[in-house]
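Because the structure is a prediction, the values reported are computed rather than measured. Note: hydrogens, waters and symmetry copies are ignored here, and every other heavy atom, side chains too, is used. Indexing begins at 1, ligand by ligand and atom by atom, following the structure's order.
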Amino acid sequence: MKRIAINTAGGDAPGMNACLRAVVRSAIYYGLEVVGFEEGYWGLIKDKKRRMDLRSVSGIISWGGTVLKTKRCEQMKTKKGIQKAGEVLKRNRIDGLITIGGDGSFKGGMELYRASRIPIVGIPASIDNDIPGTEDTIGFDTAVNTALESIQKIRDTASSHDRIFIIEVMGRERGFIALAVGLASGAEIILVPEVRYNLSKISQELEQGRKTGKKSSIIVMAEGAGAAYAIAHQIRDVTGYEVRVSVVGYIQRGGSPTARSVNLANLFGHQAVKTLMRARSARMVGWEKGEVVVHPLDYVTRQKKEIDRNLYRLAHILAI
Ligand code: F6P
C-alpha cells in the first residue's frame with residue numbers, strides 16, 4: 001500500500017478535524033501518501049482533492065467542523081455514483097480509503113468496496129451516536145455537553161418562573177443524545193423515538209411532582225420523538241401549567257471537541273490506518289468495553305444500535 005485517500009462524509013461532528021490529523025500523521029509515519037477528497041463522497045465523485053502533508057493538519061486538533069468539508073451525497077445511493085467514485089479512486093492510484101462519517105456514509109462505502117474492491121475503513125463520527133459496532137462516536141460527547149450547558153441555563157429560568165420546559169435536542173431517528181443529556185441534567189421526563197409515551201400519563205407525573213413540591217420541570221426530547229410545540233399545548237391544556245419550548249438545534253454540531261471526542265478521534269484515526277494497511281477488505285473501527293475494536297464495515301447494515309433502557313429507567317427513578 002502506497003497511497004491512501006481520506007474524506008469526511010455525512011453530518012459534521014466535533015472531533016472530525018482531530019481525526020483527520022490523526023489519520024494523516026499516522027499514515028505519513030508509516031510511510032504512506034495521503035490524498036484528501038473534499039466535501040464527502042460528492043467531492044470524491046467530482047475528483048475534488050488535495051494532497052495532505054504533515055503541516056496540512058497543523059493546528060486543527062481543537063477545531064469543530066471539518067477542514068475537508070462534508071456534504072450529504074444522494075449519488076452514493078446509486079450504482080452510477082458508486083461506479084464513478086471507484087473510477088476516481090483508481091485513476092488517482094488510491095490503494096485504500098478511510099472515511100470519517102456516520103452509518104449512511106458507511107453504507108455507501110460498503111457498496112464502493114463491493115464495486116471497486118479498494119479496501120476501506122470507516123471511522124464512526126456522528127453526534128447522534130447511532131452507529132452499530134461502537135459504544136461511542138466522535139462528536140457525541142461534545143454534543144451532549146453542549147446540550148447539557150443549554151439545559152442547565154434553561155433550568156435557571158424554568159425554576160425562577162415555576163415553568164415546565166420542553167427542550168428539544170438533536171436525534172432525528174434515535175434518542176442517544178436525549179437520553180445521555182436527560183440523565184445528566186436531571187430531566188424529569190425524557191422522550192425518545194425508541195420508547196412510546198402517553199401524554200396523559202406524563203401530565204399526571206408532572207402534577208404528582210407539583211404535589212411533592214416540584215415547582216418546575218424539564219422535559220428533554222429527541223427531535224424525532226414528536227412535535228415539541230404540539231406536546232407543549234397538550235400538557236398546558238391538561239395541567240394548566242405554563243409550558244415553554246426551547247430547541248437547542250445546530251449548536252450541538254459545532255464547537256471545539258471535548259477531550260473525550262478528541263481522544264476517540266486520535267485512537268480511531270491511528271487504528272484505521274493500521275487496519276487499512278493490513279486488511280484488504282472493508283472494515284470499521286469502534287469502541288467497545290473500554291478498547292478500540294475492528295468490525296466488518298457491513299456491520300452497520302446488519303445491526304441496529306439500541307439505547308440502554310436501564311439508563312432510561314434510572315433517569316425516571318432519579319427524577320421522582
Ligand atoms: O448529525 C446528525 C443530525 O444532527 C441529526 O440528529 C439531525 O436530524 C440531522 O443530522 C440534520 O442534519 P442535516 O440538516 O445536515 O441533514
Undergrad: Whether Arg155 and Glu188 form a salt bridge (side-chain N of Lys/Arg under 4.0 Å from carboxylate O of Asp/Glu) is what I want to check.
TA: yes
Undergrad: Hydrophobic cluster mates of Val293, side-chain heavy atoms under 4.5 angstrom, ILVMFWY only, any path?
TA: none
Undergrad: Identify whether the distance between the nearest side-chain nitrogen and carboxylate oxygen of Arg91 and Asp47 falls below 4.0 Å.
TA: yes
Undergrad: Does the side chain of His316 pick up a donor-acceptor pair with the side chain of Arg313 at under 3.5 Å?
TA: no
Undergrad: Do the side chains of Lys153 and Glu149 get close enough for a salt bridge, i.e. N-O under 4.0 angstrom?
TA: yes
Undergrad: Students should find this: residues with any non-hydrogen atom under 4.0 Å from ligand 1. What is the answer?
TA: Arg72, Ile127, Asp128, Met170, Gly171, Arg172, Glu223, Tyr250, Arg253
Undergrad: Taking Tyr197 for its side chain and Ala225 for its backbone only, find out whether a donor-acceptor pair lies under 3.5 Å.
TA: yes
